[in-house]
A.B. asks: 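Structure in structure tokens, see below.
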Amino acid sequence: MSIEMAMMGKASADDRPATTCDDVECVMARPASMTDKLMHYCPGCTHGIIHRLVGEMIDEFGLLDHTVGVCPVGCSVFAYEYFQCDAIEASHGRAPAVATAVKRTDSSRFVFTYQGDGDLASIGMAETIHAAARGERITIFFVNNGIYGMTGGQMAPTSLIGQKTTTSPSGRIAETTGMPIGVCELLSSLKGVAYLARVPISSPKNINTARKYMRKAIRAQLENKGLGLVEFLSTCPVQWAMSPIAAMKHIDNTVIKTFPPGVFVDRVDPVDATSTPMPAVAHTGAEA
Amino acid sequence: MERLDIDVRRCKGCGLCVEFCPKHCLELGDGMNAIGYHPAELHKPEACTSCSLCAEVCPEAGIRVFRKKKGKP
């Protein structure tokens, strides 16, 4: 068994035929806009799930030929290796500024940035706020795991109060380090933002909700409404020192108390009664 | 009919598919793949309903799900 699997090291699952008989259909597969490369993320990291969602969205909207992604610094620094679209690697935190330049140079492109919390909420906070204030027609996918994963688990601006990290070994203290930054709450006062939502990646149900939010954030750009941002509450099993499953439960039990999920701003479908801003509504994934 | 095609080359044995399978028909196998993890296996194929929740939570996007086409004459 193990030798057989080891020999498959160079084989690609996606090269195999989809089905062998006519009455069988494929209901779920790797999105066509993702490359076949093995991802470098730790086991159970939700970056992979969010990558797949981005790939699915590019496929669904048929945007692959004119998409430009802007990749951050952080765990997802190699994100450009996993998407078939063109991508630019931005300096740390500067992805919204780079995306602004791309979008203003060629407005026919679909431009998205894929950023972590150390990138977007710490060093890149100025770029994020000003891109939102200007109402740039870009889409930001913001992956918030509350810690600097790649550099060794240091405290991030989004770390929870009491969270133990390598730079807060006895837990984050509000008196000296302040309170966690809620990026959605912060940006919701800006008029340039067309869509703003937060969703935990903690169960299949919430992943489906994320898909719904991402569609709108992409439409905000395609329909020239303004900036779209979706914040994903993501796990970091290694730096949180939890199993992947315990980390997902930790999101549902603890993280959403500090970062309540929901739609914060929706100027894409303003008449839609179900999409009025409701920052306090929690999709708690009770089945997990 | 094989309903799941798990890419053993990608699987890192995180166990999310095992946890979220509503029919409990997946488990981490004894074999080891080229990157040193024990990949998930479908150990109760007859219980699988092609609900694709395992593929939904798979962080490696490594599960393909098949089902019989709905009967249309």
Side-chain angles (χ1 to χ4, degrees), chain A residues 1-14 16 18-31 34 36-39 41-53 55-56 82 201-208 211 235 237 243-249 287-288, chain B residues 1-43 45 48-73:
Chain A
M1 184 81 174
S2 59
I3 295 168
E4 180 196 327
M5 284 176 173
M7 285 173 68
M8 292 183 72
K10 285 185 180 174
S12 158
D14 301 322
R16 284 178 276 175
T19 56
T20 47
C21 41
D22 292 337
D23 62 337
V24 176
E25 61 181 341
C26 184
V27 285
M28 191 137 184
R30 196 176 174 83
M34 283 182 82
D36 201 33
K37 195 173 169 65
L38 287 178
M39 286 193 259
Y41 301 113
C42 309
C45 176
T46 46
H47 263 304
I49 298 176
I50 301 162
H51 275 36
R52 198 194 68 235
L53 292 174
E56 281 179 11
Y82 307 131
I201 301 293
S202 58
S203 67
K205 179 190 162 203
N206 287 329
I207 292 169
N208 210 23
R211 214 175 256 132
T235 64
S243 75
I245 295 150
M248 284 201 166
K249 288 183 175 150
E287 78 278 18
Chain B
M1 184 189 79
E2 196 69 31
R3 289 174 180 268
L4 293 188
D5 175 11
I6 299 170
D7 190 347
V8 294
R9 189 186 58 130
R10 292 180 193 283
C11 182
K12 289 177 185 158
C14 68
L16 289 177
C17 54
V18 178
E19 170 74 12
F20 283 104
C21 176
K23 299 286 180 186
H24 310 289
C25 47
L26 286 154
E27 66 176 20
L28 298 182
D30 296 326
M32 189 177 279
N33 62 9
I35 48 175
Y37 296 104
H38 298 291
E41 296 176 343
L42 185 62
H43 81 116
C48 178
T49 60
S50 304
C51 69
S52 63
L53 292 189
C54 52
E56 192 84 273
V57 295
C58 178
E60 306 301 319
I63 303 181
R64 288 195 299 177
V65 187
F66 301 101
R67 71 172 175 212
K68 282 222 165 72
K69 280 184 184 165
K70 296 271 168 67
K72 274 183 188 172

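Below, chains carry the letters A, B, ... as their sequence lines are ordered, and counting in each starts from 1.
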A.B. asks: If you look at every heavy atom in B:G15 and A:I245, which pair is closest and at what distance?
C.D. replies: O-CD1, 3.6 Å

A.B. asks: After noting the C-alpha distance and the side-chain angles of A:E25 and B:R67, does the key distance pass the side chain to side chain contact (heavy atoms under 4.5 Å, CB included) rule?
C.D. replies: CA-CA 6 Å; A:E25 61 181 341; B:R67 71 172 175 212; 2.9 Å; yes

A.B. asks: Given heavy-atom pairs under 4.5 angstrom as the criterion, report whether the side chain, backbone, both or neither of A:I207 touches chain B.
C.D. replies: side chain

A.B. asks: Taking every heavy-atom pair that is under 4.5 Å apart, which of A:I201, A:T46, A:L53, A:I49 has the most such pairs with chain B?
C.D. replies: A:I49

A.B. asks: Does B:Y37 reach the side chain of A:P43, with side-chain heavy atoms less than 4.5 Å apart?
C.D. replies: yes

A.B. asks: Could you tell me whether B:R10 and A:D36 have a side-chain N and a carboxylate O separated by less than 4.0 Å?
C.D. replies: yes

A.B. asks: Closest approach of B:A55 and A:R52, non-hydrogen atoms and distance?
C.D. replies: O-NH1, 2.9 Å

A.B. asks: In Å, rounded to the nearest 0.5 Å, how long is the span from CZ of A:R30 to CD of B:E60?
C.D. replies: 8.0 Å

A.B. asks: If I compare all heavy atoms of B:P59 with all of A:G44, which pair ends up nearest, and what's the gap?
C.D. replies: CG-CA, 4.0 Å

A.B. asks: Can you name the closest pair of heavy atoms from A:V27 and B:F66 and give their distance?
C.D. replies: CG2-N, 4.3 Å

A.B. asks: Looking at OG of A:S203 and CG of B:L16, how far apart are the two atoms once the value is rounded to the nearest 0.5 Å?
C.D. replies: 11.5 Å

A.B. asks: Please report the shortest heavy-atom distance between A:P244 and B:C14, naming the atom on each side.
C.D. replies: CG-O, 3.7 Å

A.B. asks: Taking atom CE of A:M28 and atom CG of B:L53, what is their separation to the nearest 0.5 Å?
C.D. replies: 9.0 Å

A.B. asks: Sub-3.5 Å donor-acceptor pair from the side chain of B:K12 to the main-chain atoms of A:Y41, do we have one?
C.D. replies: yes

